[in-house]
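First comes the structure, then the notes that go with it.
Start at 1 and go down the list; that is how both ligands and their atoms are numbered. Just so you know, residue 1 is the first one in the sequence shown, and it goes up from there.
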Amino acid sequence: MSDIEDWKKIGIMGGTFNPIHIGHLLLGQWAMEEATLDGVVFIPTGNSYMKDRSAMLPGTERLAMTELAVADRACFRCLDLEVRRGGDTYTYETLEALHTMYPGAQLYFIVGADCLFSIENWYHPEKIFRRCTLLAASRSGMPLETLEKKQKELKDTYGAEIVLTAFPNVEISSTDIRSRRREGRSIQYLVPDSVREYIESNHYYENS
Ligand code: ATP
Ligand code: MG
């Protein structure tokens, strides 16, 4: 199914994607299989208040790299709604917007399982849980009982639908990719080739 309007189950990967890397793509792929999603939308943030801005490329540039990364997968899409809105972005607003855009679809918000312990501090958690199922990917090192306890707690408080799924550790981060660039080391195999070429030809992340 290549038309997003026809998707019944949409996965959502949010992130700064500064830059997008293989860990993000693998998580999207993993979530698709685990929850039998029709596809995953990757949504780069506007220039978020949560992150150190000094090494942060503008939203339009992070968006361009994300578009390159998903270009060869019909079930992976890149959406510009947060970048277009600019400034701080709140997950609940994005979920409301997606619900309006795709009213027939079930939304699955894909996060690392550690998010279960911070999501109550996000803006309007009750609105987040009203609009989506949380697909929480646990990595080794976090005991399942701890996660299940939190899952139940969020269910009782917010009626939250949370699916826990084990995701293998892929120790890749955008932070690591940026520091490799600063040190003049290769980022091949850590990001798709199209993204690497884009980064190299624009001399991104070469100086801190
Ligand atoms: P930074 O190092 O700049 O914080 P990052 O690599 O953590 O970047 P983000 O854009 O902050 O990437 O992450 C977006 C989402 O992807 C988050 O939900 C994060 O938990 C998840 N994520 C990031 N890296 C990985 C990875 N290697 N494996 C699985 N999930 C990841
Ligand atoms: Mg991060």
Would you say ligand 1 has an N or O under 3.5 Å from any N or O of V111? no

Which of parallel (below 30°), tilted (30 to 60°) and perpendicular (above 60°) describes F17 and H24? perpendicular

Tell me, please: is G14 in heavy-atom contact with ligand 1, that is, under 4.0 Å? yes

Y92 and E126: side chain donor to acceptor below 3.5 Å: no

Ligand 1 N/O within reach of N18 N/O, cut-off under 3.5 Å: no

I need the contact type for L27 against ligand 1. Using non-hydrogen atoms and a strict under-4.0 Å cut-off, is it side chain, backbone, both or neither? side chain

Under 4.0 Å to a heavy atom of H21 - the qualifying atoms of ligand 1, by number: 6 (O), 24 (N), 25 (C), 27 (N)

H24 contact mode with ligand 1 (heavy-atom cut-off under 4.0 Å): side chain

Would I172 count as a contact of ligand 1 if the rule is a heavy atom under 4.0 Å away? yes

Verify the distance criterion only: is there a donor paired with an acceptor across the side chains of Y108 and Q106 at less than 3.5 Å? yes

Under 4.0 Å from a heavy atom of G15: give me the atoms of ligand 1 that qualify, with their elements. 10 (O), 14 (C)

Side-chain H-bond candidate by donor/acceptor type, W122 with T91, under 3.5 Å: no

Does the distance from a Lys or Arg side-chain N to an Asp or Glu carboxylate O, for K152 and E148, drop under 4.0 Å? no

Going by atom types alone, do E206 and H203 pair a side-chain donor with an acceptor below 3.5 Å? yes

Quickly, which of K127, R130, R85 forms a salt bridge (Lys or Arg N to Asp or Glu O under 4.0 Å) with E96? Name it, please. R130

Sub-4.0 Å atoms of ligand 1 with respect to non-hydrogen atoms of V170: 26 (C), 27 (N), 28 (N)

Any heavy atom of R178 sitting closer than 4.0 Å to ligand 1? yes

